[in-house]
Amino acid sequence: MTRWLAFERRWCRELCDAIVPVGDRSGRRPADVWGACHRLLDAAPRRFRVATRLAVWVVMWSPLLVQRRPRTLLALDQDRRDAVLQQAVASRRALVRDLVGVLQVVACVCLVRAVDASPVPVAAPGVRL
Amino acid sequence: MNLVAVDGRELRRDETLECDVVVVGSGPGGAPVARDLATAGADVVVLEEGPWLRAHDFTGDSLDALSTLYRDAGLATTTGPSPMPLLQGRVLGGTSVVNSAICWRLPRGVYEEWIADDPTLAEVLEWDAIEAAVTGLETTLGVGPTEPGVASGSDRLMARGADALGLGHRPTRRNVRGCRGSARCNRGCPAGAKLSMDTSLLPEAVVHGARIVTDARVERVTIGRGSATGVTARASGGARVSVRARDAVVLSAGATNTPALLLASGARHGPVGRRFQAHPGVAVAGLFAEPVNQWHGATQGHEITGLMDDGIKIETLALDPSLTAARLGSVGTALAKDVARLPHCITWAGAVRAEGMGRVARGRRGPRVTMPLTTRDLRRVRRTVQVIGEAMFAAGATAVAPGVAGFPSRVSDVAVMSRLGVDGPLDQRAYSLAISHMFGTCKLGTDPETSVIRGDFRHHAVDSLYVSDASVFPTNLGVNPQLSIMSLARCCATAIAKR
């Protein structure tokens, strides 16, 4: 697998948190989100790995793409992040929509890792439920 | 009982094996051939690209399952503007380890379509022989309707919704024995209750002397003087495995890999790789006021059969929690709230018998699959989503997430759901489709111009080379194919034994 740059790995981790801000039963976020992402991507075909890397950049700059605001997603507070992500998920541009969908699947697989039905993750600290 | 004679992960030196028959692939296409021929006294070697994993290896974790049980982690897709994931197992037992154990006999109407298209096929592929093959299998594999004790809340809701809409429905027939209803069929059965090939036919084959090589990816069929003489494979440990077969080489690598293997081996005769057909499917999520706990019961324990004449089949599907979350149509804080309510969610899937035909070509990094859908296919997909939504509301859902771009991500009014069938988009890119049933890329037939494989499953141009998987099916089926694949595989074994 092509080596991701350190800031891309951090973006990926933090964007996954923004897409699905959940933790475990005690509210702790999983310790090694990038480790889980890396494991999934390592088993995935090259096309998916490329799409995920592209998705990280597109979601990071989604405020610019969907609201014409020259800010990164991580620079916004959670309410504004939610609004931008919602617009990106429903974008008329299939490519934007699909790439957000790719990162959403990665985030869910890596963060909502319940072993069975009962231990449903709860919201992370700071997230209002 | 140790099933594996050679583990490719531990193989450090090149290995050469000799046998009567080598079978490439250990899923529903390969295992019955190996079992039947080994039982008849043949010296059989089975090569499997994936590892041998047992019930205690299946953790239930989605990431573990995707990265160890599925080809390309279930993330390989068709190419083109609207990629569809191609779901295939890559483990000893093949896709039977990760499917939901649903068993349907080959529909008589589909067989008659095949014969109407190629009347002389009936002389070599007789309906009675297919039926005889499947009867024995159903007994061996414990095929029967989902028992009420393991019906999930989602199964009961489907029955209620289908009744309200006047649609025929029934518990799915599955190949399980002692199912505990852990809803983890797609992540490997933790109870060993699913009678997948690794727990049913392959142990029988090994008892009768078959040798199994795991973690060995076949790269080429060796062909000399117009006849297949064996295969060469690369073990995951790096060594080369060569198998020389005295009587037959049987390819059972599935509808994407079998044609790719033929092309890589220079066997380009006929429409190999063309006529790719499938059952594209959608998954729709529903939310209920009360907890449903779809993960307590069979993974897919109930199905709506009332639309099958229209090419639509709907089933309950307990997607694992992470993939259920991804289907809810929400993001950010809203998704976190939904995740906290996952026990209130259900997912149902619908598959359509698509008319569109695609193609499998040989790519640098494996098979490259294209699959365009026709407008009629898209109408069926749209109707599938509509009916699932209507049935969920009829069963008491408070909201439905149809997962259709350009349509509300969360619908709470059945009238809006019904409108989808009229106003919904007819654009493939608007739907999140996935493919788990694939057919047709090495078509069976009597005319060497329009088919790749003869009626006795032998290649038209290469002697001693057989194909036994869904790639030989002249058309798609409209039903879950594993039992049909197994019954035709037994017919293939009979044809080889006659040689």
Side-chain angles (χ1 to χ4, degrees), chain A residues 17-23 36-37 39-49 51-52 73 78-92 94-95 97-98 100-124 127-129, chain B residues 59-64 66-68 70-77 79 81-83 85 90 182-184 190 291 293-296 318 320-343 364-366 405-409 427-430 432:
Chain A
D17 274 340
I19 287 171
V20 50
V22 294
C37 289
R39 203 171 141 219
L40 180 68
L41 295 175
D42 203 31
R46 186 172 173 274
R47 264 163 60 91
F48 189 85
R49 292 200 297 266
T52 305
L73 189 80
Q78 186 69 45
D79 285 348
R80 286 188 178 140
R81 283 182 193 180
D82 288 349
V84 170
L85 285 170
Q86 198 55 54
Q87 275 184 274
V89 162
S91 172
R92 283 185 184 176
L95 183 64
R97 207 167 59 225
D98 288 350
V100 179
V102 163
L103 202 57
Q104 192 170 10
V105 168
V106 171
C108 286
V109 169
C110 296
L111 284 164
V112 191
R113 294 177 61 189
V115 168
D116 58 45
S118 46
V120 174
V122 297
V127 174
R128 295 187 304 275
L129 289 181
Chain B
T59 64
D61 182 275
S62 318
L63 184 55
D64 285 347
L66 287 171
S67 55
T68 59
Y70 287 81
R71 176 177 302 286
D72 294 320
L75 298 168
T77 61
T79 56
S82 179
R90 196 190 71 95
S182 47
R184 281 167 46 179
N293 283 323
Q294 66 170 342
W295 301 293
H296 296 154
D320 72 80
S322 61
L323 296 177
T324 300
R327 298 297 314 157
L328 290 171
S330 51
V331 68
T333 311
L335 180 53
K337 288 180 184 173
D338 283 339
V339 167
R341 296 187 70 231
L342 277 179
R364 271 198 307 146
R365 294 183 174 86
F407 205 72
S409 60
D427 179 352
Q428 193 172 331
R429 292 173 301 180
S432 295

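Bear in mind that the values here come from a model prediction, so they are computed numbers and not experimental data.
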Item checked: Between B:D320, B:T79, B:D427, the one whose heavy-atom pairs under 4.5 Å with chain A are most numerous -> B:T79
Margin query: With chain A as the partner, which of B:G332, B:A73, B:P83 has the greatest number of non-hydrogen pairs under 4.5 Å?
Written below: B:G332
Next item on the list: Output, in order, the C-alpha distance, side-chain angles, deciding distance and verdict of side-chain contact (heavy atoms from CB on, under 4.5 Å) for A:L40 and B:L75.
Entry: CA-CA 9 Å; A:L40 180 68; B:L75 298 168; 4.0 Å; yes
Check: Checking side-chain hydrogen bond (donor to acceptor under 3.5 Å, both in side chains) for the pair A:D82/A:Q86: CA distance, chi angles, key distance, verdict?
Finding: CA-CA 6 Å; A:D82 288 349; A:Q86 198 55 54; over 6 Å; no
Next item on the list: Answer with side chain, backbone, both or neither: which region of B:R429 has an atom nearer than 4.5 Å to a non-hydrogen atom of chain A?
Entry: both
Next item on the list: With a 4.5 angstrom heavy-atom cut-off, could you sort out which part of B:L335 is near chain A: side chain, backbone, both or neither?
Entry: side chain
Margin query: Using the side chain to side chain contact (heavy atoms under 4.5 Å, CB included) criterion, which residues pair with B:T68? Sequence neighbours excluded.
Written below: B:L53
Notebook entry, point to check: Checking B:S82 against chain A: side chain, backbone, both or neither under 4.5 Å from a heavy atom?
Noted result: neither
Check: What part of A:R81 is in contact with chain B, defined as an atom under 4.5 angstrom from a non-hydrogen atom: side chain, backbone, both or neither?
Finding: neither
Notebook entry, point to check: Under the side chain to side chain contact (heavy atoms under 4.5 Å, CB included) test, which residues partner B:S67, sequence neighbours left out?
Noted result: A:R39, A:A43
Next item on the list: Could you tell me whether a side-chain N or O of B:N293 sits under 3.5 Å from a main-chain N or O of B:H296, the two making a donor and an acceptor?
Entry: no
Check: Where the side chain of B:R90 meets the backbone of B:D72, is there a donor-acceptor pair that is under 3.5 Å apart?
Finding: no
Next item on the list: Can you tell which part of A:A94 gets under 4.5 Å to a heavy atom of chain B, answering side chain, backbone, both or neither?
Entry: side chain
Item checked: Residue selection (most heavy-atom pairs with chain B, distance under 4.5 Å) from A:R92, A:Q104, A:R47 -> A:R47
